Each structure stands twice: as C-alpha cells, then as structure tokens.
Number of protein chains: 2
Amino acid sequence: MADIPAQTELKVTTGPIRGSKKIHVGPLGVAMREIHLEPSSGEPPLRVYDCSGPYTDPQARIDIMAGLPELRSAWIRARGDVEEVAQREVRPEDNGQLGPDRSGGVQPFPNVRKRVLRAKPGANVSQMHYARRGIITPEMEYVAVRENLGREQMAHLRDGQDFGASIPDYVTPEFVRDEVARGRAIIPNNINHPESEPMAIGRNFLVKINANIGNSAVASDVAAEVDKMVWSIRWGADTVMDLSTGRNIHDTREWILRNSPVPIGTVPIYQALEKVGGVAEELSWEIYRDTLIEQAEQGVDYFTIHAGVRLPYIPMTAKRVTGIVSRGGSIMAKWCLSHHKESFLYTRFEEICEIMKAYDIAFSLGDGLRPGSIADANDEAQFSELATLGELTQIAWKHDVQVMIEGPGHVPMHKIKANMDKQLEACGEAPFYTLGPLTTDIAPGYDHITSAIGAAMIGWFGTAMLCYVTPKEHLGLPDRDDVKVGVVTYKLAAHAADLAKGHPAAKLRDDALSRARFEFRWRDQFNLSLDPDTAEQYHDQTLPAEGAKTAHFCSMCGPKFCSMKITAEVREFAAKQNQSAEVFIAAGEADLSAEALAQAEEGMAAMSKVFKETGSELYMGAGGRERD
Amino acid sequence: MADIPAQTELKVTTGPIRGSKKIHVGPLGVAMREIHLEPSSGEPPLRVYDCSGPYTDPQARIDIMAGLPELRSAWIRARGDVEEVAQREVRPEDNGQLGPDRSGGVQPFPNVRKRVLRAKPGANVSQMHYARRGIITPEMEYVAVRENLGREQMAHLRDGQDFGASIPDYVTPEFVRDEVARGRAIIPNNINHPESEPMAIGRNFLVKINANIGNSAVASDVAAEVDKMVWSIRWGADTVMDLSTGRNIHDTREWILRNSPVPIGTVPIYQALEKVGGVAEELSWEIYRDTLIEQAEQGVDYFTIHAGVRLPYIPMTAKRVTGIVSRGGSIMAKWCLSHHKESFLYTRFEEICEIMKAYDIAFSLGDGLRPGSIADANDEAQFSELATLGELTQIAWKHDVQVMIEGPGHVPMHKIKANMDKQLEACGEAPFYTLGPLTTDIAPGYDHITSAIGAAMIGWFGTAMLCYVTPKEHLGLPDRDDVKVGVVTYKLAAHAADLAKGHPAAKLRDDALSRARFEFRWRDQFNLSLDPDTAEQYHDQTLPAEGAKTAHFCSMCGPKFCSMKITAEVREFAAKQNQSAEVFIAAGEADLSAEALAQAEEGMAAMSKVFKETGSELYMGAGGRERD
C-alpha cells in the first residue's frame, strides 16, 4: 500500500461554512446547517438545507482512505430483502482499454469492499416498490425532515405561482411515500451506496441542483475529482455526476462513491466505450450490461441511459445546426447506423429495469437528441425522443423502478415553457432534470449565467433538478473555482424558482438577509448569503477595515449618503413627530385610499412603539446600495 | 496646465475588439463592428451593434484631454433653433461643499467650452418635438441604420413571443420618428453633448443596457471613472450613468461627457445634496434648479428625477423590510417629511420640463420607492409611485419632452410580469428602464446573476433598457473587472430578450457561433462571443497549445470521444451509405410520420450532395461539450 498517495495529497476542504453550525435533527439525525446571527438581531438561528455531509462537521473524523460511515446500512439490511454476494472482479479494462494509468499517483481505493449487496432473487429493493406497497422507509422519513426547513414557523403566507404543482404546507413521511409511489419524486439511493444521505428529486420538493465532475482523456486526476466532489457539495450540490472518461474510470468512481454523502450519477455508456477502445460500433449489450453491474455494485445511484435515441429519429438531426451534441446520444446514434439496428438500450430496456431494481438505481433517461443551439430548440428530433422517454417511463414504473427525465440544453426563453409542459404530459409527471437551458449561444465564458436564466425559469415551471453549467462550458474542464461558481449560480437559480413557486419557507432566508442588510449587520449579511467568503471578500476590497463591518454605512455611498441610513432617519423622524395620517391629508392628498391611510397610520404607530420600547436614539442604519 | 495629469495617467483601452473591424455605414457613417470569420467558414463577416465609439477604431486619434469629435454639432446647428450662451460659471461648491479636491491629481477638464447651446427663446429642441412635427432628424436616421443589423438578410423567419410589441421587419427613419413621436422610444441627446452617437431606447428596438460608474465619498478617482466609461462601452454599454457623489463631482462629469460617445445619465439630486453639505432638509428648488442648468450645459443626456416620491406615499414604506432603498428617493422622502410638504420635484415638474426641452434632456423618472427586497416587491408604495410616474409622463409629453420610466429592483420571478404590464398601462408605453430585477436576496457577490435572470425576463416582456448590476452590488464599488462582468452579463440578458421577442436578426449571431462551434472553428467561436478574450483564456487554461485551436476536438472529451465529432461521423457514414428512409422503415419503425420520413430523406440527400460537391473526406469536426 506504500504506492497509495499519502492522505495529505488527497486534500479536501473541511470545517464549517462560516457563521454556521452543523446540526442533526430528530431520531434519524437529519443533517442541517444553522446560520447564527448577531445577538443584536434578536433573531434565532436560521436553518438551511445542507448537502455537505460530514465534511462540514467539526465533530466528524474524515478519512478519505477509509470512506464515509455507512448511514443507511442498517436500514437496508433491516428490510431483509438483500443478500451479500462477491463483488465482480475488477478487470484491467474497467480502467480503460489500456488498463489503469498509475503514473499520476492514481491507486485503487484502499478500503474496497469484497462483498456487495444485491436484492434477493425475485425481490425489488427500490424505494418506489416499498412506496407502492405502502411502506414508509427511513429514507422517506429522512427526506421529510430534511425538506421541512422552517415550515413549522409558517409565519409566511404562501405566495407564488406553481403551475399546477402540489407543494404541501408541511412535508410528512406519508407525503414523501405518496410522491415516490406516484413516480412524481425519486430518492436515488443504491443499496451499495449506504454512505448517502437520502434526498428527494421531485416537483413538489425543493428544487435541486447537480454538479458534474470527472476527468477526461486529456486532463484531470483522481485527487482533483474527489476534491471537486467535496467542494461542490459544500456549496450546495444535491447530487454529483461523475462524467469521467479515459483511463482510471473505475478507480476514480470508487474514490468518489466511498466519500460521497450525496447520490452519484454516471453515464455508463462512457465506460462501456472505453472498454471497446472508443469504437462505438464495437459496443454490445453484453459489454454494456457488464458495465451496469460493475457500477451497480460500486453503488452508483442513478444512470443516465439514452434509450430514447431510436434509429428513426437520427436522420431528423441531419439538418440541424449542431446535430447531436449529447455524447451518449451520438455514440448510440453511431452504433444504430453502423449496425442498421434499433438501439440495444431501447430493445433491452426491460432487462435494464431488472438490474435497476436489484440495487435501487434510478433511471435518468437521457435526452440524447437535445438541442445544442438556439437554432435546434424544440425540434422534431427532440420531441420525438421525449415521447419515447415517456413510453420508457411507463415500462420502468411497471417494474417499480424510479425514473427522472433529462431535458435540454439550448432553448430561447419563449420556448422553455413548452419543454416543461410537454415533459409533464409525455412522462406522467416523472421528475424533469434539465441542463440549463442556455437562453443564447453567444456567451462562451458566461454560460453559467446564460443557462441560469433558463434554469431559474424552467425550475419555476416545474423542473425538479437543475444540472449546473460552469463558466468553462463549451471551452474546457471546470477547475475548483469554476465548480464553485457553477454550484452557487445554480443554487441561486433553484432558490429563485422555489420563491416563485411559492415554497412555504423559501422566503425566510431572503427576509433574514434583507433585514441584516437594512440593519447594517454586515456579518449576518455575509453569513446568510450563498457564498459568505466571496461576499466578505468583495466588501473588503473597498472597505477592508474591521470597523467597516460594523459601520452604519457602506463604501458605495459613504457615511453621509446612504439611502438606508436616510430611510432609517425618515422612520425615526416620523415616529418622533408622532406623525400620522392627518399630516398627509393636510398635505392635500385626495387620491390616497382610506385603506392606505389606515395602513400608514398603523405603520407609524408601530414604529413609534418600537422607539418607546427601545427607549433610545434607535439608529436603524442600513447597508447595501441601489442605483439611485 | 502643468498640474493636469499627464495623458499617460489617463489611460483608456483602445484598439479593435479581437477578430473585429470598425466600419462606418452610409452617408451618416453609422458606427458598426464586423466580426470576420475564417475563410474555411465560407461566411461573410457578421455585423454587430457597436457602442464603443472611436476607441475601437485604429484610424481614430484619441486624445482624452481634448475630448471626442463633435459628430452631431452640424446637425444641431443646422436646425436653426439654438443659440450660444456663456456657460454658467463653475463654483467651488459644484465640486462638493468643500470645493474640489485636487490632492488625487484631479484637475478640471482642460478643453472646457466657454459657450454652450440652449434653445432659442420659445423653441423646443427635443427629438420628440421634431418627431411630432413630422421632422426626421439625422439622429433618427442614424438610429434607423444602426438598428437594422442583418435585417436585410431576412433569411430568418420571425420566431418569438413579443407580448404585444410592434417590432418591424425593417427599421425605417419614419418608423423611428413615429416611435419617438408616440413616446414609445427616446433618443437621449443633449444638444451640449454633440459627441454622442444617436441611439434609441424603446420596446420596439433592440434591448439596451446601461452601466453605472462614478466615484463616492470614500473611493474612486476621475481617471478610474473615465477608464471605466470607455471600458464599459467597449463591452456593450449603450448608455452610462455617472452616479458620482462626494467631491469633484462637476469635474468628473465633464471628463466623462467630453469623452463619451454614448448618452450619459445622472441623478442631479446627488450633486444638489453635495451643495448643501449632505443635509437633505436644506435642499431647495433653487439649488436643484441651478444644478439642472449646470448639468444641462455640460451635456447630460438624461436625468433621473424622483418626482414620484410624493408625501402621502412615504408612510406606505414604514412597514417594509427594507424601507426606501433608492438614494434619491430617500433624500426626497426626508425632505418631504421634514418640511411637511409635497416634493418640489413634483410641484415644480412643469418648470423642470421647460429646462429639459431647452437642451433636449430626457426624463428618467426615478422609482424612488422601488422594493429593495423580495419581501417588499409589488407593494402599495411601489405601485402608487408608478401611477404618479404615469401622470408625470403625460405632463412631460404635453411639453414634447422625452421620458423613460425606471423600474425595480428586487422582484421574485412570479411578480415580474405584473411590473411590465402595469408600467405599460400606467405610463402610456413610455420606455421602461429597470434595475435587474433581482430574483432573490440571498446571493451577494452573485447579484449580477440573480438580477440577470430578472432582467432577461422583463426585457422579454418589454423593458427597453436594463440597468446592469455588478458582482459588487450591495457590497462595494465595482472595479474595472466588475464593470466588464456586469456589462457582458447584461448584454447576454438583453440578447436573450431580443431572441425571445423575435427580433428579426438577433439569431444570426447565435447561429454563426453555433456553426463555428460545430465545425471546430475555435477562433471564430471566440470572436463571435460577447467576450472573446475570456472565451480564449478559458479554453487555453486546459489546452493552451496553439494547435489545439485548430484541433477537431476539445479538452472535455479528448480526441476520441467528442460528441460533435461522432455526430459528424454519423452524417458522413449516413451520406456515404446513401442511407435514406427505407433503412429506417426496414428497422421496423411504425410510429414515424410520413412527414418525418420525407424530411429525413431530404436531409440525407442534402448531406450526400454536400459530400459529392466537396469531393473529399469531409471531416466536419465540432467543438463544445455538453453534459452527456
């Protein structure tokens, strides 16, 4: 084992996010994060959803070489429907046609399991199967607790447009079970990935985001990918896809899975292609099936499978501006054409379902024919495939296998809604999982933004999970900084969608941050933000002094000229003068409604009360700048 | 003059944007940019809108100390309705209560004009006034040529949802005149800013963006602000607002105006407040009026005036989470309360109109009561003010004075459309000019993105100009890098809006870039993008070799594994085999429509033709990566 990289080389970021504390709630110990506010706020800590796993828990002992503790192991075994089997032996070609490349310090994961789990013969271990039999699993209970952040406060009236979603005021385990049973939500949880903390992907839950990592034939290494995984969940990635190609693909995945508290997705055709030396025509069902088993035993939680790329749809792409841009889609297209045959992913779909249910792997039905440019959006190829994904969803559900549906891609704003509507209709409300979509093609280097626009919109319309796009999209492999920017960008898009859908508790964080901003609680403002480190760093670029963080002004307007400061003075002045509606009537206003006047009076009275209670020169300073 | 900073200290970025050439079109020499593509593309140069002025023209001689040439001077004088008057003498307090601060190397602009223009007594020099009398000005002709980019090709079918806009297939000078006459568009063009290149802000023209610059009492200097102005227009800012506060405010503005080819907007109340030492209560109509004249004579093209902040609306903000966040709005609120009087901006509005029409300054009616948080969006205070802005619009139009209306702010996605609808209705289709809106409050450091989501949406719905937000929003003053990120982000949001509205030629650039991407023309891909430098830099981080820029693969997938490469092989294969619909019928497909099959056959035949014509192993490589 001397050849294995020393643990110091496998560095990941640990420790709490600043201003926050890891907590574990209820008998299942559901992981959450509490953001603590300054005492002057008079506010309790704010609980937020937390995907970061033990890495942000100072109590946890992190050992990348050993992997994470197996949170779900007892739950899985207690159901009595699994058996231990010897793990399929790793073959050299599992790490690429040329075998593993050990030159870059990449070694097999040291703590690999010899025996793995599989459903007993005839059993189905999918969460959907349990749900449909009326069983509430610990996974469902975990999800219910996790999704309920702040809902118990219910201080906030529901306010949103949900386009026909069924978002409950409060999430019960029974609600989770019902959503999973209906196929409207999935809990991707391979029984061989017991390290994962259960989470749900569905239109009636919080909008989730996925981060892609993975090396390629020309760049990246295992240590960097493990680091990116931990880094991406720190900032909020709900699931991670390992899109590695090239060599060491098996080993990379093992390192990631054993250290990941979030579900891991893959595109198995990538590895299958590696096994046949990159020649698509040489792919076969046998090689593909073997790859599915290999990855199922490692613990992959969802597979992207491009089973909707059918032979007759391929010519529909010939006149496109950008043809077929999905890698998996183009591989299968090439296979279909060269063999003059229907795709084996389509013809063998029921056999694939048998594998999925033996490990509880969810389908992520790939949109191999999605548009790769504005010009190709919403075309016949795309929607023909979507109809097929709908058919396949029904087949998977017949097997009680969980399914989500992948979506585009590049779509101008006015064509986004149709994507959601058609998906809901074609796929029986199975969760939609979209890549952006990018709303223009002309901003390489800024495609995280171009796509965040589309992502926020389609998330609002009903997409359950948004696959992030980084600034390097179309240009290069994302590095650590790109991963963070992509995750935070998508987190804000998902949150914008939650707000617009009227998620009962989404606004709590916005309101807390806005209060902090208005009251010049700079540290609270940083800590409540999605990226406290960047917020503070930007602030300090203009006003680095420690005193400026408690100052009642900011760098944009200076001490005398702050709109929020003036607003506070307006309030103070109004309160002191005990001004009420009469003043404004005296001012000669006829067009003001009685209701408005009553409200004004009430507001002033409330302010006055605050002043009396605090009994002081209450100076309600404020931070933040607006244009004018 | 020895004290004036040497020209080398006043550095601005000059030279063409890479891959592009400045051109001047037609008898008026309308400035445009041509992006030249690689010969292998077989495509002509692509013309794009260009706000960058002479700075990107290698033929132009740039002298910051002298200012730009006066493009419009002859047009203005030829109309015979202006007279020369002695410029109001600059007083020390014009540069702040303490007078100018020369310590930082800030000097008065050396080439200041002694005499300025004003309308002859009784004359009205506004573009709206000419328009309503049926006169097509050179300014209108310039705008018509400028807006027509690519429309003559008309190869692209109109495709969009314009929510009732009236976007023409082709923009004629008469169309411009009619839009200005109706008040649906403005051409902000102070007669004392003859250096400006005319541009239109209106729902039926391309969506425009504004960049804010300006120093504050605690940071920034003149050289940096001039540099930011030139830098922001290089990347696409259509107008620039100088939001300087603190000292040297008059001198800073003079430097900016004399060197700006785009309209400059200001918020005159900022300077008026400086003149009274920052004490809002001491503001008076006389001081404000004097400031308007001062800035009118300097050449400011539009004034933000918060005349809608009326006394009765102020208490409506008392219960808000973030009160009044507009600086101008809060200043006036304080003035109103302390004097128990209606705002002098409101009571003196007709007098202000008289000033505006003597110089052709456009109103940007400020939304002083806009929401500063998600919690406060679309509330009574905001919409009460909007109704007043509608009344004021009618008064301004009575004087033939141009008007646009400023809008929010912070608005969750589901409440954005109502803002546009109400604005159109209340303000008679006067152009809307919005700040974002930000769709969540929780992303300080990423507010350019949070707001780009809202900006793209409201731009689609009909907003004519989007005020940019930088990553420093709420945190600090934007530096040069922030300005660029803000401008490019808003340029992409505006373009996404143009696409979705169905602007006739917007898609040309997307399609050209997508073709370049698909054909691995990396340099064309960079050059066609909004920010070629960043695109290339990101590409080179993974694959820096010069060869990689002509390689038929990219770093994400490596040489063997590129989806676009495989797509090209699919096409080639299909073409070579002369595959046609029969193959797919043979594959047993029943669910394929006759239409689809016909199209498929046609597509394959077309590809086959291409192959025959090129007579070669046509290898249509492709660049760019998608998720899977």
Side-chain angles (χ1 to χ4, degrees), chain A residues 161 217-218 267 278 304 311-312 315 318-319 321-325 327-328 330 333 373-374 412-414 435 439-441 443-445 453 456 474-476 492 495-496 499-500 510 513-514 518 529-530 534-535 538-539 542 555 558 560 563 566-567 570 584 587 589 592 600 603 624 626-628, chain B residues 161 217-218 267 278 304 311-312 315 318-319 321-325 327-328 330 333 373-374 412-414 435 439-441 443-445 453 456 474-476 492 495-496 499-500 510 513-514 518 529-530 534-535 538-539 542 555 558 560 563 566-567 570 584 587 589 592 600 603 624 626-628:
Chain A
Q161 153 65 292
V218 296
V267 188
T304 291
L311 184 57
K319 290 205 287 189
V321 168
T322 47
I324 300 175
V325 294
R327 285 191 284 177
S330 56
S373 57
I374 292 295
M413 284 191 286
H414 66 294
L435 177 69
T439 54
T440 128
D441 300 338
I453 295 168
H474 299 113
L475 298 169
L492 77 83
H495 184 73
L499 278 178
D510 296 77
L513 192 145
S514 291
F518 194 69
S529 71
L530 290 173
T534 298
Y538 283 2
H539 173 268
T542 321
S555 61
K560 266 203 174 166
S563 64
I566 293 178
T567 299
V570 165
F584 306 107
E589 294 312 316
L592 198 62
E626 301 284 333
R627 173 183 48 180
D628 53 62
Chain B
Q161 153 65 291
V218 295
V267 189
T304 291
L311 183 59
K319 290 205 289 189
V321 169
T322 46
I324 301 176
V325 294
R327 285 193 282 176
S330 55
S373 57
I374 292 296
M413 282 191 287
H414 65 295
L435 178 69
T439 54
T440 130
D441 300 338
I453 294 168
H474 298 114
L475 298 169
L492 77 82
H495 184 73
L499 278 179
D510 296 78
L513 192 145
S514 291
F518 194 69
S529 71
L530 290 173
T534 298
Y538 283 2
H539 172 268
T542 320
S555 61
K560 266 200 175 169
S563 63
I566 292 177
T567 300
V570 166
F584 305 107
E589 295 313 315
L592 197 61
E626 301 284 332
R627 174 182 47 181
D628 54 63

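Order of the sequence lines fixes the chain letters, A, B, ..., with proteins taken first and strands second; residue numbering starts at 1 for each chain. Just so it is clear, the structure is predicted and the values come from calculations on it, not from any experiment.
- The backbone N or O of T440(B) sits nowhere less than 3.5 Å from a side-chain atom of D510(A) that would complete a donor-acceptor pair.
- Between chain B and the residues G445(A), A443(A), S514(A), the largest count of heavy-atom pairs under 4.5 Å involves S514(A).
- Here the shortest heavy-atom pairing between T439(B) and A496(A) reads OG1-CB, 3.6 Å.
- Minimum heavy-atom separation, A456(B) to M413(A): O-CE, 3.1 Å.
- Side-chain contact between P444(A) and L513(B): present, with at least one pair of heavy atoms (C-beta onward) separated by less than 4.5 Å.
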